[in-house]
Amino acid sequence: MNTADGAPPQIPAPVQMMQLLAGFQVSQALYVAAKLDLATILGNGPQTIDQLAAETNADADALGRIIRFLATLGVFRTNGDQVEITELGATLADDRPGSIRYAALYWMETHYAPFGDLLHTASTGETAATRYYGQPFFDWISTDAEKLEVQNRTFANVTSSLRAGMFEGYRLPEGAVVADLGGADGSMLTKLLAGDADRQGIVFDRPEVVVAAQKTLADNGLADRVQTVGGDFFESVPAADVYILSYILHDWDDESCRRILRNVAEAAEPGARVVLVESVIPPGDEPHPGKVVDLTMLAMGSGRERTAEEYRALLDSAGFTLDRIVPSPTPFAFVEATLR
């Protein structure tokens, strides 16, 4: 219902705040939908609540109430007892373009609980995840093969979905050998080298992580010119002409970033190029995904999202000159720099 002048009614501030405070309910309900893989099931057509409950071994009454709630957010569409998936809800379907199902699983199974200690972080500066898990997050997750697989698939989801279109019109700086540091399953390097047959590549990550890249490279016909190398970029990195660090530096504090960049400087020749794929925070109070992710960095690790000037200063302190920041149609940008 509109007001007398035709404008939508103003939502009272207390109601707005209640909606914000209810965010935990939304994320938990979405997790249930993702974990039970409801979107994939409904991709074959509408089903009743009872049919969905039987197929997912869920309680029909509880499941129906969760679906009813998510339908108000546009995730499902209901007609009596019939449920169908919407375009929005389909992003939680498995193995389809635009899927972020594994991101839902990853965040809710590894990030949600530590965020309960955010007040501790605000009071002491100690990372919530370190307090919750008793050790730094990446050390904790590296001991769990199943969660590592979810993490790899999450990063692949992000590459294929949230970054869709960001590579169009972008070409890496010149250089015969391109190393993707922290390259996970090789999805990023696969996209960047797919149309660049004259270049060689290296996917570099922890040994237990980089093994996943072998299949990605083979599936995309790149196994003959892209190798996988296991290691720790805090210790050393392979020699290359161009280095990609895609969503890597945001995971670490400034001193840790300088360690990584200095290892690049030791392995490379002057004139080598670095390309950071990061979300560069704009000034002001306008919403930006990087500001949301920065809160995740605060709670889960020692990293942070950075502004353009912060990247310039960080690169300069490690011996690199910021050349340019190339925006993309996504929240991410290419930050290019040259080793002095």
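Because the structure is a prediction, the values reported are computed rather than measured.
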For L189 and L222, run side-chain contact (heavy atoms from CB on, under 4.5 Å): C-alpha distance rounded to whole Å, both residues' side-chain angles, the deciding distance at 0.1 Å, then the answer.
CA-CA 10 Å; L189 195 59; L222 294 174; over 6 Å; no

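- Contact between D205 and G182 at its shortest, heavy atoms only, is OD2-C, 3.1 Å.
- Closest heavy-atom contact between P331 and S279: O-OG, 3.3 Å.
- Note on ring orientation: taking the six-membered ring where Trp is involved, the planes of Y133 and W140 are parallel (angle under 30°, cut-offs 30° and 60°).
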Working note: L322 + V335, criterion side-chain contact (heavy atoms from CB on, under 4.5 Å); need CA distance, chi angles, decisive distance, verdict.
CA-CA 7 Å; L322 176 63; V335 182; 3.3 Å; yes

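- One hydrophobic cluster holds both L298 and I141 under the rule that ILVMFWY side chains link at heavy-atom gaps under 4.5 Å.
- Inter-residue side-chain proximity for L148 and Q151 is flagged as met; some heavy-atom pair is nearer than 4.5 Å.
- R304 places no side-chain N or O within donor-acceptor distance of the main-chain N or O of M297, the cut-off being under 3.5 Å.
- Follow the hydrophobic side-chain contacts under 4.5 Å out from V211 and you never reach L217; the two are in separate clusters.
- In this structure the side chain of M108 never reaches within 4.5 angstrom of the side chain of K35, judged on heavy atoms.
- Atom CG of L245 and atom CZ of F204 lie 10.5 Å apart (nearest 0.5 Å).
- The line from CG of L118 to OG1 of T296 is 10.0 Å long, rounded to the nearest 0.5 Å.
- Side-chain contacts under 4.5 Å among hydrophobic residues (ILVMFWY), followed directly or transitively, place I11 together with V15.
- Between the CD1 atom of I85 and the CG atom of L42 there is a distance of 5.5 Å, given to the nearest 0.5 Å.
- The existence of a salt bridge linking R262 and E255 is confirmed by a sub-4.0 Å separation between a basic side-chain nitrogen and an acidic carboxylate oxygen.
- Taken to the nearest 0.5 Å, the CG atom of D50 stands 5.5 Å off from the CG atom of D81.
- In summary, the side chains of T321 and R340 do present a donor paired with an acceptor at a separation below 3.5 Å, with no hydrogens or angles considered.
- Two residues are said to be in side-chain contact when any heavy atoms from C-beta on lie closer than 4.5 Å; M188 and F167 meet this criterion.
- Classification of D59 and R65 as a salt-bridged pair fails, no side-chain N sitting under 4.0 Å from a carboxylate O.
- Checked by atom type, the side-chain pair D185/S187 shows a donor-acceptor distance below 3.5 Å.
- Note: I49 CD1 to I67 CD1 = 3.5 Å, rounded to the nearest 0.5 Å.
- The 12-atom threshold is not exceeded at CG of N57, counting heavy atoms of other residues, nucleotides or ligands nearer than 6.0 Å.
- In this pair, Y170 and F334 present their aromatic rings parallel. The plane angle is below 30°, not in the 30 to 60° band.
- One hydrophobic cluster, built from ILVMFWY side chains closer than 4.5 Å, holds both L105 and F115.
- Following chains of ILVMFWY side-chain contacts shorter than 4.5 Å, one cannot reach V292 starting from V280, and the two form parts of different hydrophobic clusters.
- The backbone N or O of G74 lies less than 3.5 Å from a partner atom in the side chain of T86, making a donor-acceptor pair.
- Applying the side chain to side chain donor-acceptor pair (under 3.5 Å) definition to pairs two or more places apart or across chains, none involves residues 232-243.
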Pair L192, R199 - check side-chain contact (heavy atoms from CB on, under 4.5 Å), show working.
CA-CA 10 Å; L192 288 171; R199 299 207 208 200; over 6 Å; no

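- The pair R206-D139 meets the salt-bridge criterion, since a charged nitrogen lies less than 4.0 angstrom from a carboxylate oxygen.
- In terms of modelled atom types and a separation under 3.5 Å, the side chain of T78 and the main chain of V83 share no donor-acceptor contact.
- Using a distance-only test at 3.5 Å, with no hydrogens or angles considered, a donor-acceptor pair links the side chain of T330 to the main chain of F332.
- Listed for the Q51 side chain is a donor-acceptor partner under 3.5 Å among the backbone atoms of T48.
- A salt bridge between E336 and R273 is present, with a side-chain N of the basic residue lying under 4.0 Å from a carboxylate O of the acidic one.
- Without hydrogens or angle criteria, S27 side chain to F24 main chain gives a donor-acceptor distance under 3.5 Å.
- With T228 contributing its side chain and V210 its backbone, the two residues share no donor-acceptor pair below 3.5 Å.
- A donor-acceptor pair is defined here as one N or O able to donate and one able to accept, closer than 3.5 Å; no such pair exists between the side chain of N263 and the backbone of V237.
- W252 and F138 have tilted rings, their planes meeting at an angle from 30° to 60° on a 0 to 90° scale.
- Using a 4.5 Å cut-off on side-chain heavy atoms (C-beta onward), T56 and L63 make contact.
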Working for side-chain contact (heavy atoms from CB on, under 4.5 Å), residues R153 and Y106:
CA-CA 9 Å; R153 296 192 69 165; Y106 178 63; over 6 Å; no

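- Taking D254 as the reference, R306 meet the salt bridge (charged side-chain N to carboxylate O under 4.0 Å, His left out) condition, with sequence neighbours excluded.
- The OG1 atom of T338 sits 10.0 Å away from the CG atom of L315 when rounded to the nearest 0.5 Å.
- A donor-acceptor contact shorter than 3.5 Å links the side chain of D253 to the backbone of S256.
- The shortest non-hydrogen separation linking A240 to V177 is CB-O, 3.6 Å.
- At a threshold of 4.5 Å between non-hydrogen side-chain atoms, the residues F137 and T130 do not count as touching.
- Criterion: ILVMFWY side-chain heavy atoms under 4.5 Å apart, direct or through other members. Under it, V26 and Y31 are not part of a common hydrophobic cluster.
- Counted within 6.0 Å of NZ on K215, heavy atoms from surrounding residues, nucleotides or ligands total 12 or fewer; the atom is thus considered open.
- When side chains are defined from C-beta on, L193 counts as touching R225, because their heavy atoms get closer than 4.5 Å.
- The two residues L249 and L314 come nearest to each other via the heavy atoms CD1-CD2, 4.3 Å.
- A308 approaches I325 most closely through the heavy-atom pair CB-CD1, 3.7 Å.
- At distances below 3.5 Å, not a single donor-acceptor pair connects side-chain atoms of T127 with backbone N or O atoms of M300.
- What you find for A265 and F320 is that their closest heavy atoms are N-CZ, 4.3 Å.
- Considering only heavy atoms from C-beta on, Y247 comes within 4.5 Å of E278 through its side chain.
- With a 4.5 Å cut-off on side-chain heavy atoms, V264 and L339 do not count as touching.
- For the side-chain contact (heavy atoms from CB on, under 4.5 Å) test with V178, the passing option among I202, V242, V226 is V242; the others fail.
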